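Notes for the one structure printed next.
Sequential numbering from 1 along the given sequence is applied to the chain's residues. Keep in mind it's a predicted model, so treat the numbers as computed, not measured.
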Amino acid sequence: MEGNNLLHFLDTPSTHYRLNCDGRFEAENDADDRSDASDPANARELLECLLSQPANKFCADCGIPDPKWAALPFGAFICIKCSGTHRSLGVHISKVISVNLDEWTDEEVHCLAESGGNSVVNTRYEAFLPKNKKIKQDCSTEERNDFIRNSWRKKDSDSKGLKKMSDVGMIEFVGLIKVNIVKGTDLAVRDVMSSDPYVMINLGHQSMKTKVIKNTLNPIWNERLMLSIPDPIPPLKLQVFDKDTFSSDDRMGEADVDIRTLIAATKEHENSTITELTELYRWSASEDSNSVLAKDSVISIANGKVKQEITLKLQNVERGELEIEIECVPLSQ
């Protein structure tokens, strides 16, 4: 591997390493101040160092230059096209994080460092792959999906998740959707006096969930989740559950959101130079035939980002509202 420094970084767990300006790691004593280890600035600095490694400048799967995504826990840098297939494998197999769009934790960056970079990862996972079987940058969607599903098979226990993906068929992705789960209001009681709510979101065959907020009917999450947008575009499904320890989690309502207008608005204003907050569309809650909106929903643009703010009335439950903010990220970004 090009970065033997990274392997040395791993082999000394009792020592804290600081990155210096020429890309090498310098050891510091344990007695030194360790507050920098979880400093986002230091995590970003290490991330940039990892990206500068020669093998990490190309997608681990197809070789496209300048990959801006990472697949954990494999620890590989990948392009946005391959990231869509990795997301479809499920977060239990491949958790995809954006180099630029996501805030990285110290643990996530160190997971990348521990992998050894794209060259080491490829050596491990493609050890028995014939050279002519490696996909190229201009491969078809079918070739990309098939290659990734088979290349990242870690062990037999993963085969169930990969088989599930193969059952879905070949999926084309048109972008990414960032869903900020803001808060819940006046949710239903599912325990004696309160609930332990969390939110599950689904888009096609992908799903993610928020953390559990204990003992509250008015939880504040402010948690951002990201999914790939398949084509054809399905509705974004949101479900609220009460976490139970000794029994199945209780349902606390659900809602569907049609994201097609947001995607169309994002494509239309992809190269917009609008800097001031500008309203593009508004849906009136009083005219909502499905009675899902608790208040007017607005799609707006500012600084090139198109977002939609929605407060939903949870369905199939006695009460409760869920406030979210969604943003579409086109593949070109």
Side-chain angles (χ1 to χ4, degrees), residues 72 83 87-88 90-92 95-98 101-105 108 175-191 194-230 233-244 249-263 265-266 283 285 288 290-300 302 305-329:
L72 302 179
S83 74
R87 286 180 185 278
S88 294
V91 294
H92 63 294
K95 177 183 179 182
V96 179
I97 306 178
S98 168
L101 300 175
D102 287 314
E103 293 183 6
W104 285 69
T105 65
E108 289 168 342
L176 301 167
I177 189 85
K178 293 195 289 186
V179 184
N180 182 23
I181 309 296
V182 181
K183 64 179 182 179
T185 303
D186 194 27
L187 300 182
V189 175
R190 288 295 180 265
D191 296 328
S194 187
S195 297
D196 301 327
Y198 67 91
V199 180
M200 174 81 73
I201 66 171
N202 296 86
L203 190 64
H205 295 273
Q206 306 163 86
S207 63
M208 295 188 74
K209 63 182 179 181
T210 67
K211 60 187 176 184
V212 176
I213 306 293
K214 294 286 188 178
N215 195 33
T216 180
L217 301 179
N218 298 283
I220 298 177
W221 284 283
N222 280 324
E223 188 170 345
R224 188 178 68 179
L225 308 174
M226 191 181 303
L227 297 170
S228 297
I229 303 172
I233 301 167
L236 175 67
K237 295 181 177 292
L238 301 103
Q239 297 173 291
V240 184
F241 292 92
D242 168 56
K243 182 65 177 179
D244 285 331
D249 296 346
D250 299 318
R251 294 181 176 273
M252 298 177 64
E254 58 192 349
D256 287 0
V257 176
D258 188 338
I259 62 174
R260 290 175 296 180
T261 303
L262 175 66
I263 294 171
T266 300
W283 287 267
D288 178 23
N290 296 321
S291 300
V292 175
L293 296 178
K295 60 176 67 173
D296 291 357
S297 178
V298 174
I299 293 181
S300 58
K305 295 183 178 181
V306 179
K307 298 182 179 182
Q308 182 174 3
E309 299 176 350
I310 314 174
T311 301
L312 299 160
K313 293 179 182 177
L314 293 173
Q315 307 296 298
N316 302 317
V317 69
E318 57 269 30
R319 69 186 197 201
E321 297 179 0
L322 184 65
E323 182 178 332
I324 66 172
E325 181 183 78
I326 54 178
E327 175 186 351
C328 176
V329 181

Item to complete: For residues 310-322, pull every pair meeting side chain to side chain donor-acceptor pair (under 3.5 Å), keeping only residues two or more places apart or in separate chains.
Response: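 Matches after skipping sequence neighbours: D186-R319, R190-E318, E254-N316.
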Any chance you could measure [X], atom [atom1], to [Y], atom [atom2], to the nearest 0.5 Å?
{"X": "I310", "Y": "K295", "atom1": "CD1", "atom2": "NZ", "result": "12.5 Å"}
{"X": "I201", "Y": "K237", "atom1": "CD1", "atom2": "NZ", "result": "13.0 Å"}
{"X": "M252", "Y": "L322", "atom1": "CE", "atom2": "CG", "result": "10.5 Å"}
{"X": "I177", "Y": "I229", "atom1": "CD1", "atom2": "CD1", "result": "4.5 Å"}
{"X": "L238", "Y": "L314", "atom1": "CG", "atom2": "CG", "result": "8.5 Å"}
{"X": "K183", "Y": "I181", "atom1": "NZ", "atom2": "CD1", "result": "13.5 Å"}

Answer yes or no: is there a side-chain heavy-atom contact under 4.5 Å between [X] and [Y]?
{"X": "D244", "Y": "D191", "result": "yes"}
{"X": "N202", "Y": "Q239", "result": "yes"}
{"X": "P230", "Y": "L203", "result": "yes"}
{"X": "R87", "Y": "L176", "result": "yes"}
{"X": "W104", "Y": "I97", "result": "yes"}
{"X": "P235", "Y": "D258", "result": "no"}
{"X": "N290", "Y": "D256", "result": "no"}
{"X": "L187", "Y": "P219", "result": "yes"}

Of all heavy-atom pairs between [X] and [Y], which one has the smallest distance, and what is that distance?
{"X": "L101", "Y": "M226", "result": "CB-CE, 4.3 Å"}
{"X": "A285", "Y": "D296", "result": "N-OD1, 2.8 Å"}
{"X": "Q206", "Y": "S228", "result": "NE2-O, 2.7 Å"}
{"X": "G204", "Y": "P234", "result": "N-CG, 3.5 Å"}

Discussion item. Enumerate the salt bridge (charged side-chain N to carboxylate O under 4.0 Å, His left out) contacts for residues 203-214, please, sequence neighbours excluded, ordered by first and then second residue.
Written reply: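 Sorted pair list comes back empty.
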Item to complete: Would you please test T185 and E323 for side-chain contact (heavy atoms from CB on, under 4.5 Å) and show each step?
Response: CA-CA 8 Å; T185 303; E323 182 178 332; 5.8 Å; no
Discussion item. Between I324 and V182, is the side-chain contact (heavy atoms from CB on, under 4.5 Å) condition met? List the steps.
Written reply: CA-CA 5 Å; I324 66 172; V182 181; 5.5 Å; no
Worksheet item: Does atom NZ of K178 have more than 12 heavy-atom neighbours, drawn from other residues, nucleotides or ligands, at distances under 6.0 Å?
Response: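 Yes, enclosed.
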Worksheet item: When S195 is tested against each of I213, D242, D250, N215 for side-chain contact (heavy atoms from CB on, under 4.5 Å), which residue passes?
Response: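 For S195, the side-chain contact (heavy atoms from CB on, under 4.5 Å) test succeeds with only one of I213, D242, D250, N215, which is D242.
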Worksheet item: Can you check side-chain contact (heavy atoms from CB on, under 4.5 Å) on E223 and Y198, steps first, answer last?
Response: CA-CA 11 Å; E223 188 170 345; Y198 67 91; over 6 Å; no
Discussion item. Using side-chain contact (heavy atoms from CB on, under 4.5 Å), reason through F241 and V212 one step at a time and then give a plain yes or no.
Written reply: CA-CA 9 Å; F241 292 92; V212 176; over 6 Å; no
Item to complete: May I ask you to decide if K307's main-chain N or O and E325's side chain share a donor-acceptor pair within less than 3.5 Å?
Response: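 Absent.
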Fill in: Exam field: side chain T210 to backbone V199, donor-acceptor pair closer than 3.5 Å
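Yes, because the side chain of T210 sits within donor-acceptor range (under 3.5 Å) of the backbone of V199.
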